[in-house]
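My questions will all concern the structure given below.
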There are 2 protein chains.
Amino acid sequence: MPAPMANVSERRFDPPSLAISTVVFALSAGAGNSADDESTADGATLWLPLVRRIREPYRNTWALPGGPIAWNESLEAAARRNLHETTDMTPNYLEQLYAFGGTDRSPDLRVVSIVYWALVRPVEADKAVTGDNVRWFRTGNLPELAFDHRDIVDYAVWRLRNKMEYSRIAQNFLGDTFTLAQLREVYESVIGRRLDPANFRRQMLASNTLIETDQVLAGARHRPPRLYRYKPELAQGSTAS
Amino acid sequence: MPAPMANVSERRFDPPSLAISTVVFALSAGAGNSADDESTADGATLWLPLVRRIREPYRNTWALPGGPIAWNESLEAAARRNLHETTDMTPNYLEQLYAFGGTDRSPDLRVVSIVYWALVRPVEADKAVTGDNVRWFRTGNLPELAFDHRDIVDYAVWRLRNKMEYSRIAQNFLGDTFTLAQLREVYESVIGRRLDPANFRRQMLASNTLIETDQVLAGARHRPPRLYRYKPELAQGSTAS
DNA sequence: ACAAAAGTGTTGTTATTACACCCATGC
DNA sequence: GCATGGGTGTAATAACAACACTTTTGT
């Protein structure tokens, strides 16, 4: 119960308060329950869920899911709990993005936001109950966002693209097994550029992170592609504390 | 004046409070005013300043310089101000490292630390008035640190090494002009590995970030090396807000 | 048979590495 | 002259990119 008798103008001079927000990414498959799904044939697209603010400032404006941090939970736990409370999702991957603490982020309160970014698989993305107050948007076609959330999203997209090039986070968009074409599609839709199937295949196999299963994916009118899975990883998650 | 009548045991259940800390790096030249300067002939070494805690918990233990965030300053400004207050230094480079918010970081208070890391040139490093409460330590030979500061330092070193390989932060350890050997020494002492002088030279020149001056550095008993300077950079600093 | 994507081969280009060798200075 | 690092040359290797070509399925 901090400073119970403080009114708004006095609160302006309190030390900054803390909050958590999360930028969640999913690929198009799981975002089918959106209104304007004009998914072009040339590959999947990136989507993220936003929530409508129900109070001032920026009332009715779309914003990143977020909330306060409880006294007995870590930052990551706060992000995870909050995400579940607001969107019913449990992320496959969760990593701290940045702490945003400019003095002019909010018109009245001074709040420092510790922002996480997350990846969810299609199955998980479908769990998000969308409606008037929660909706998926494509990263390329966002509405006006509250606060500096637009900058935050841009930074998160940049980070995702970046990390895609040197790590194996792509697996967090996919199910347990997948074809190399599916894996390639993840890469292509995130970095926004076509990749040579032949070279991509060799790079992935050479990276020694894949296990070839003995199954193939039949049904299409061409040679059935082999299914792969990722090797169990030693340690992927985020940084300590 | 938040919650003025709260005692210690009640404070445990307050929402986390905020603080800023900074890991400052300098190369050996500027750290000569240290006690155990046994700088080996084979290149410079990394140093960082620590301050002695004057209150519980961890009283008398060395810790990262840090402090609270004022209501009207950004996180970066808080780091900069605090660094100046505690060590009289103004960093050449300053970037956010990570927000540490584990629940067990401190025995009593719950505090979230937003940590920055900084680079200072030798001239600036000399401004730090060392004494009983501020001292430079080599990163390879640190004392026991308060809280989780040891983990934080390790992470900062990792980040510095990493960033050294794909960016031009090395310049923040050097003066305006420098020889390629000096630049190489910075790289070598940070990443802890010898580099081929010939190849290093070509890589640096090929990167197209250096300007050749018309001066050389005479005085040594070998061919005088040419002095270079960095091209004025478009934008280097940290991320917004 | 044919279309379409899976999968393999091959070649040219570029980046990296190792190391030989010449250059210019102080002593 | 000679030791010392500055600076250039070069060849072997590895990584990457482009693209031709063969394989296997569904229709």
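Every chain is numbered from 1 and lettered A, B, ... according to where its sequence line falls, protein lines coming before strand lines. Basis for what follows: all heavy atoms, side chains included, without hydrogens, waters or symmetry-related copies. From a predicted model like this one, the values you see are computed outputs, not experimental measurements.
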- Query: Is the distance from OP1 or OP2 of C:dA3 to the nearest side-chain N or O of A:R223 less than 4.0 Å?
  - Reply: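 No, no such contact exists.
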- Message: Assuming nearest nucleotide by heavy-atom distance, tell me which of A:A220 and B:Q182 is located more 5' along DNA chain D.
- Response: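 So the residue in question is B:Q182.
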- Item | Separation of atom CD in A:E185 from atom C1' in C:dA5, rounded to whole Å |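 Nearest whole value for this atom pair: 13 Å.
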- N or O in side chain of A:R201 less than 4.0 angstrom from C:dG7 OP1/OP2: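 Looking at the OP1 and OP2 atoms of C:dG7, one of them is under 4.0 Å from a side-chain N or O of A:R201.
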- Tell me: CG of B:D196 to P of C:dT17, nearest whole Å?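 It is 9 Å, rounded to the nearest whole Å.
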- Message: Output the rounded distance in Å from CG (B:L205) to P (D:dG6).
- Response: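 So the two atoms are 13 Å apart, to the nearest Å.
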- Query: Reckon B:R226 has a side-chain N or O less than 4.0 Å from the OP1 or OP2 of D:dG6?
  - Reply: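 For D:dG6, neither OP1 nor OP2 has a side-chain N or O of B:R226 closer than 4.0 Å.
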- Message: Please report the distance, rounded to the nearest Å, between CG in B:L227 and P in D:dG6.
- Response: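 One finds 12 Å between P of D:dG6 and CG of B:L227, rounded.
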- Item | B:W117 ring center near B:Y155 ring center (under 6.0 Å) |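 Ring centroids of B:W117 and B:Y155 are no less than 6.0 Å from each other.
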- Cut-off 3.5 Å, side chains only: do A:R105 and A:S113 have a donor facing an acceptor?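 The answer is yes; a qualifying pair exists.
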- Task: Using whole Å, report how far CD of B:E165 lies from C1' of C:dT16.
- Result: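 To the nearest whole Å, that distance equals 14 Å.
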- Using a 4.0 Å heavy-atom cut-off, write out nucleotides 11-17 of chain D from 5' to 3' as B (base contacted by protein), S (sugar-phosphate only) or - (no contact). ------B
- Message: Please determine whether a side-chain nitrogen of the Lys or Arg among B:R81 and B:E85 lies less than 4.0 Å from a carboxylate oxygen of the Asp or Glu.
- Response: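 So B:R81 pairs with B:E85 through a salt bridge.
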- Does atom CD of A:E144 have more than 12 heavy-atom neighbours, drawn from other residues, nucleotides or ligands, at distances under 6.0 Å?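 Open: at most 12 neighbouring heavy atoms sit under 6.0 Å from CD of A:E144.
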- Does the gap between the ring centers of B:F200 and B:Y187 come in under 6.0 Å?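 Yes, the ring of B:F200 comes within the 6.0 Å limit of the ring of B:Y187, centre to centre.
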- Query: Side chains of A:R202 and A:N199: do they bring a donor and an acceptor to under 3.5 Å?
  - Reply: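 Checked: A:R202/A:N199 side chains pair up, N/O donor to acceptor below 3.5 Å.
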- Task: Measure from CZ on A:R221 to C1' on C:dA4 and round the result to the nearest Å.
- Result: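 Value for this atom pair: 6 Å.
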- Item | d(NE2, B:H222; C1', C:dC22) in whole Å |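 In whole Å, C:dC22 C1' and B:H222 NE2 are 16 Å from each other.
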- Query: Relative to the 5' end of DNA chain D, which residue comes earlier, A:A198 or B:L180, by the nucleotide with the nearest heavy atom?
  - Reply: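 On the 5' side of the pair lies B:L180.
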- For this output row, return yes or no: ring centroids of B:Y230 and B:F178 closer than 6.0 angstrom.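 Ring-ring flag for B:Y230/B:F178: true, centres closer than 6.0 Å.
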- Query: Roughly, in whole Å, what's the span from CG in A:L183 to P in C:dA6?
  - Reply: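 Between P of C:dA6 and CG of A:L183: 12 Å.
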- Query: Considering only C:dA24, C:dG26, D:dA18, which nucleotide approaches the side chain of B:P224 most closely?
  - Reply: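 The nucleotide sitting nearest to the side chain is C:dA24.
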